[in-house]
Chemist: 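I am attaching a structure below and will ask some questions about it afterwards.
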There are 2 protein chains.
Amino acid sequence: MRLRDYLPYRLSVASNKASGLIARAYQARFGLTIWEWRVIAVLGEGAPLTAQAVCEATAMDKVTVSRAIRALDARRLVKRTPRPADKRASDVTLTPEGQAIYLEIAPMALHYEAALLEGFSEEERAQLTTLLDKLEARLAGLTAAGGDAP
Amino acid sequence: MRLRDYLPYRLSVASNKASGLIARAYQARFGLTIWEWRVIAVLGEGAPLTAQAVCEATAMDKVTVSRAIRALDARRLVKRTPRPADKRASDVTLTPEGQAIYLEIAPMALHYEAALLEGFSEEERAQLTTLLDKLEARLAGLTAAGGDAP
DNA sequence: TGAAATTAGTTGCAAATGATACTATCTTGT
DNA sequence: ACAAGATAGTATCATTTGCAACTAATTTCA
């Protein structure tokens, strides 16, 4: 077997390079970690989300989400509104400052994505989407089956 | 922008799930980290490599490589032979025990890869390879350009 | 030649990370 | 109603990670 042809390895290298590239930009321009950015990205769609909902939307661990939200709250980029119906949870939304950052950072993110895909034909982009869909579906199946649940 | 459609995010999620799945298996069956496994994988091809060469072959940081090799050395899975020509470097090779683990673990790795790609047609596999090649090429270009070198 | 710069590899330290346990609240079943 | 269990989110602690500094050996080039 050749490591350089091994799919999980290739995914890992590609993902780390892409994330690293973009994370450096977020860090340099806004002082945001990649997780803080992810939280902002999902909140940028407008709807208030609980931390739990953020977990699901970002594929992040609940501890990571908790810390990201706390950091964003400390910088007044998000606001937490305790739910009357369930006092354990809070609705999280972007503050106007958070919105402003979102509106600045989202185009930058899309620009990076466009740079990554420069030179890809429309057909290739569609293929990539389809293949990632299939891969995700397989992974969902495998992780569900393989987990040593109690 | 929608995070769930954002390419770097999708790569990250897919990569983490795939790596996590496989890493758990290596850990459970052989007590190897994913980095130790990567070192074994490249040494399994037969040629002795210096730590530096391992870095290049595995896309790992030199600190990570150093630690992985030390751990493998402590378990007698690799042997370090100081080079006469350059006393800073050592040639690293698998010991017979390391070879044995390689021969056991490599088929397992390929089995996982096959499981990931189950349901992919030959054409789709070829597409995936081609797209990853292109993506890697783009990333190599972007990271080379973007680095804020001194 | 030999001083300055480079490279191989390791180590130290601080920050990031993740599993586990914990508090507070809510839901369920009797 | 209320005990037993589930859930939201946080805190704690040990491990992992990664940068930067370090040692030792090698190369460069004036």
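Predicted model, so just to flag it, every value in this text is computed and none were measured. Letters go in sequence order (proteins before strands), and every chain restarts at 1.
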Chemist: Rounded off to whole Å, could you give me the CZ-to-C1' distance for the A:Arg88 and C:dT25 pair?
Modeler: 5 Å
Chemist: Considering only heavy atoms from C-beta outward, does the side chain of A:Leu117 approach that of A:Leu128 to under 4.5 Å?
Modeler: yes
Chemist: Would one find a side-chain N or O of B:Ser66 under 4.0 angstrom from OP1 or OP2 of C:dT10?
Modeler: yes
Chemist: So A:Arg83, base contact, sugar-phosphate only, or nothing? Heavy-atom distance under 4.0 Å.
Modeler: nothing
Chemist: Would you mind reading off the distance between B:Lys62 atom NZ and D:dT23 atom P, rounded to a whole angstrom?
Modeler: 14 Å
Chemist: Could you check whether any side-chain heavy atom of B:Leu32 comes within less than 4.5 Å of a side-chain heavy atom of B:Ile105, counting everything from C-beta outward?
Modeler: yes
Chemist: Choose from C:dG12, D:dA11, C:dA8 the nucleotide whose nearest atom is closest to any side-chain atom of B:Arg67.
Modeler: C:dG12
Chemist: Base, sugar-phosphate, or nothing for A:Thr50, non-hydrogen atoms under 4.0 angstrom?
Modeler: sugar-phosphate
Chemist: Measuring to OP1 and OP2 of C:dT10, would you say a side-chain N or O of B:Arg80 lies under 4.0 angstrom away?
Modeler: yes
Chemist: Just call it for B:Ala53: base, sugar-phosphate, or nothing, with non-hydrogen atoms closer than 4.0 Å on any strand.
Modeler: nothing
Chemist: What's the CG-C1' distance between B:Asn16 and C:dA16, to the nearest Å?
Modeler: 15 Å
Chemist: May I have the distance from B:Asp61 (atom CG) to C:dA16 (atom C1'), rounded to whole angstrom?
Modeler: 15 Å
Chemist: Would you call B:Glu56 and B:Val42 a side-chain contact if the rule is heavy atoms closer than 4.5 Å?
Modeler: no
Chemist: Just checking, any donor-acceptor pair under 3.5 angstrom between side chains of A:Glu123 and A:Ser121?
Modeler: no
Chemist: What is the distance, to the nearest angstrom, from the CG atom on A:Asp86 to the P atom on C:dA24?
Modeler: 15 Å
Chemist: For the pair made of CD in A:Gln52 and C1' in D:dA6, what is the distance, rounded to whole Å?
Modeler: 12 Å
Chemist: Please determine, by modelled atom types, if A:Arg38 and B:Ser12 share a side-chain donor-acceptor pair under 3.5 angstrom.
Modeler: yes
Chemist: Need one value for A:Lys87: base, sugar-phosphate or nothing, where a base atom within 4.0 Å counts as base even if backbone is also close, heavy atoms only.
Modeler: sugar-phosphate
Chemist: Counting only side-chain nitrogens and oxygens, does B:Arg70 get under 4.0 Å of the OP1 or OP2 atom of C:dT11?
Modeler: yes
Chemist: Output the rounded distance in Å from CD1 (B:Ile69) to C1' (C:dT10).
Modeler: 12 Å
Chemist: Can you measure B:Asp73 atom CG to C:dG9 atom P for me and round it to whole angstrom units?
Modeler: 13 Å
Chemist: Quick one: label A:Thr64 by what it contacts on the DNA or RNA (base, sugar-phosphate, nothing), any heavy atom closer than 4.0 Å.
Modeler: sugar-phosphate
